[in-house]
Every structure is written in C-alpha cells, then in structure tokens.
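Down below is the structure, laid out as structure tokens.
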Amino acid sequence: MPELPEVETVRRRIAPHLPGKQLIATRLGAPKLLEIGDLDALTGLAFLPPERIGKYLLLPLCGAREMTLVLHLGMTGQLTYAPADAEVSDRFRRLPSGYQKPLGVHSEDRHTHLVLALSDGSRLLFRDPRRFGRILSLETADRLSTPRLSRLGPDALGIGDKEFARRFRDTQGRRNVKTILLDQSFLAGIGNIYADESCHTAGIHPTTLGQDLGKLRLERLAQAVAEALGRGIQNAGTTFRDFVHPDGSHGSNQEDLRVYARSGKPCLRCGTILVKSVVAQRGTVACPKCQK
DNA sequence: AATTCGCCCTGTCGGC
DNA sequence: TGCCGACAGGGCGAAT
C-alpha cells in the first residue's frame, strides 16, 4: 500500500523525466477513478517538478493555464514511466508467495487506467488492479481547497518533534495512538505499515490512549515516526506485491520491517512472539512485552 | 459531535 | 482440483 515513503519514492524517480515536456494526450480507461475535473484541460500544458502531500502525488503543469493532476495510488496503484525507446517486457517475476509481478516497464493491460503521452514519445502509466486509487484534475491556484486535500494535516515528513507534540495534544477525543497516526488530518502520509513500525520503535502499544502519553513518550513517538518514514524512503519503499518504482523495480523496506507482516515471529528487540490484532479496523502487529 | 460501519474493488490464499 | 469465503485496506459518506 503506497504510503508516504512509497509515494515520495515515485515522486523522486519520475522527477528527472518530466520538466519541460508537454502532455500531448491522455487516455482514461476507468472513468470512475477520475473524481474531479477534466483531463482534456491538461493537454498541451508542460510539466513542472512533481510534488507530494501525504500520500498524494501532485503533477503541476503550466502553459495556457495552471493545472495540477493529482494522483492517489490507493492500495495497489502503480505509476510507471515508459521512455520513448522503452523495451516493453511482459515477463513476470514469481515472488516467494507465488504472486507474479510484472518485471520492468509493462505493456498496457486491463488494469492500466490512465495513460499520459508526453511530447518526447514517453508515457506515464497509471495501473491499479484494485481501483482504490483516485485521479483529480484541478486548477493549481485552488488545488488545496479541494475537499480531499483541504482535509489533510501537514505532511508527516519533516514535521518537528514540537509541532508533532502540539498537534497530537490538540487531537480531540479518547482515541488510541494508532488511530491518531492513521488520521490524515493529524499528519498526512502515515498508513498501516508505518503506523505499526513507528509504534514499535517508540515502544508504545498501538492501543494506548493518546491522552495517556507523557511528554517523554510523545517525543519518542515523534522521533520514531521520523525514523520509520526516513528508513522507508532510504529503502525506496516497501514492496510486498504491488508497489513498484516508475521503472518497474521494487523497494527493499519489506526486508527492514520490525513488526508489520511479522506476526508470530520473534520481536527483534526482545524475542517475544509478535501478536496480531485489529486496531482502528486495521490488521495490527505489536510486541506484547516491549510495547506498553 | 465523535466514532464506527459499510462500501468500493480484485487477487490471493486457506479450508473443505 | 476446484469452489468459496475471508482477507487485505485508504478514504469517504452514512449511521449510530
């Protein structure tokens, strides 16, 4: 599931390919994914450097008008970049689970819902088997007032410990730590994987009520979030099955996870068997001993 | 008014 | 082997 580190990885890797190129055509295979706006309004415009807010990827364009194409990759979204001379590969790689993942730049298939044709003959392909992703075409000037983006809190990357603590204390209600971390209006970008990882690193159980965290543990949580996200970006994202880089390669953070997907395995810190439960309607893995 | 629930979606996997 | 239900879950709108 693409969270902040995965989307940031995509942003960084498409960034060198876009600026200066024009968007000359679009093809929308799944109209329902376009939530707001009109793709035709984007054609003829030139790409500016891509941006990111939380899990949203923003592709600003300029020219006759200033527009931004906003993408949310949902659960299984993949944004790939096919250079003009790209060799299309329909080979698959068999993962240990038996799942077959496309290898390299793949040809368009029934899950490819948006194709952007660039002026140099290259293409951006948005593929999303589960179709939880969303596409928005917005005027750049008021893009932040669109409902989805206006609800977002500050980006979770680069938030300072003090600001983290201040916002955390301001969140109303008797909510547990995991619910708060997943709340995109608190901080934008944290999803299920990095919420669990952050809690483990901080030594805090996900079901702990937010109001029960003292100053010290709150500071540890802020640092743990920064560490988990930073490590995710360093490892170029977490690939279980669906997440791929724009060139079809994959991240390595799945090899560096402490708790997520490690239910029943020993805690890397204390050796206790990790326990899976449901918190905030999400599968949650934690160490019963060193997360209190 | 805060919180939970149901829904959207498809591929994968375990059980029988 | 094959069918089927359960599961994965981000975000929104409806219900509680």
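- Taking atom OH of A:Y260 as the reference point, atom C1' of C:dG10 lies 12 Å away to the nearest angstrom.
- A:N176 and A:T179 share a donor-acceptor pair across their side chains, judged by distance under 3.5 Å alone.
- Between A:K215 and A:E219 no salt bridge is recorded (no basic side-chain N to carboxylate O distance below 4.0 Å).
- In this structure, A:L136 places its CG atom 13 Å from P of C:dG11, rounding to the nearest Å.
- Judged as a salt bridge (charged side-chain N to carboxylate O under 4.0 Å, His left out), and not counting sequence neighbours, the contacts of A:K21 are A:D120.
- Look at A:E35 and A:R148 and you find a salt bridge, because one of the NZ, NE, NH1 or NH2 atoms lies within 4.0 Å of a carboxylate O, short of that distance.
- In this structure, CG of A:D242 is placed 10 Å from C1' of B:dT10, rounded to the nearest angstrom.
- Contact annotation for A:Y194: no contact, since no heavy-atom pair falls under 4.0 Å across all strands.
- Atom CG of A:D196 is separated from atom C1' of C:dA8 by 14 Å (rounded to the nearest Å).
- Whole-Å rounding puts the A:E35 CD to C:dG11 P distance at 12 Å.
- With a 4.5 Å cut-off on side-chain heavy atoms, A:L73 and A:D128 do not count as touching.
- Between the P atom of B:dT10 and the CG atom of A:D109 lies a distance of 13 Å, rounded to the nearest Å.
- Taking every heavy atom of both residues into account, A:L18 and A:F47 meet most closely at O-CB, 3.5 Å.
- To the nearest angstrom, P of C:dG10 lies 6 Å from CD of A:E3.
- When each of B:dT10, C:dG9, C:dG13 is scored by its nearest atom to the side-chain atoms of A:H111, the top-ranked nucleotide is B:dT10.
- DNA chain C lies under 4.0 Å from at least one heavy atom of each of the following residues of residues 181-193 of chain A: A:Q184, A:N192.
- A:R151 places its CZ atom 17 Å from the P atom of C:dG10, with the value rounded to the nearest Å.
- Residue pairs meeting the ring pair (Phe, Tyr, Trp, His ring centres under 6.0 Å) criterion with at least one member in residues 177-217 of chain A, sequence neighbours excluded: A:F164-A:F186, A:F168-A:F186.
- Using a 4.0 Å heavy-atom criterion, one finds that A:M1 contacts the sugar-phosphate atoms exclusively.
- When the side-chain nitrogen and oxygen atoms of A:R110 are compared with OP1 and OP2 of B:dG11, one or more of them lie within a distance under 4.0 Å.
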Between N or O atoms, less than 3.5 Å apart, protein on one side and nucleotides 7-9 of chain B on the other: list the pairs.
unit_1: B:dC9; atom_1: OP1; unit_2: A:K32; atom_2: NZ; d: 2.4
unit_1: B:dC9; atom_1: OP2; unit_2: A:K32; atom_2: NZ; d: 3.4

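- Every pair tested for ring pair (Phe, Tyr, Trp, His ring centres under 6.0 Å) that includes a residue from residues 261-292 of chain A fails, sequence neighbours excluded, so the list is empty.
- Note on A:G283: only backbone sugar-phosphate atoms sit closer than 4.0 angstrom, heavy atoms only; bases stay farther off.
- Within 4.0 Å (heavy atoms only), A:K178 reaches no atom of the nucleic acid at all.
- Set against B:dT12, B:dT10, C:dG9, the side chain of A:R241 has B:dT12 as its closest nucleotide.
- When hydrophobic clusters are built by joining Ile, Leu, Val, Met, Phe, Trp and Tyr residues whose side-chain heavy atoms come closer than 4.5 Å, directly or via intermediates, A:L28 is grouped together with A:L124.
- Note on residues 52-74 of chain A: pairs passing salt bridge (charged side-chain N to carboxylate O under 4.0 Å, His left out), not counting sequence neighbours, are A:E8-A:R52, A:R52-A:D155, A:R65-A:E139.
- With B:dG11, B:dT3, C:dG10 as the candidates, the nucleotide lying closest to the side chain of A:H72 is C:dG10.
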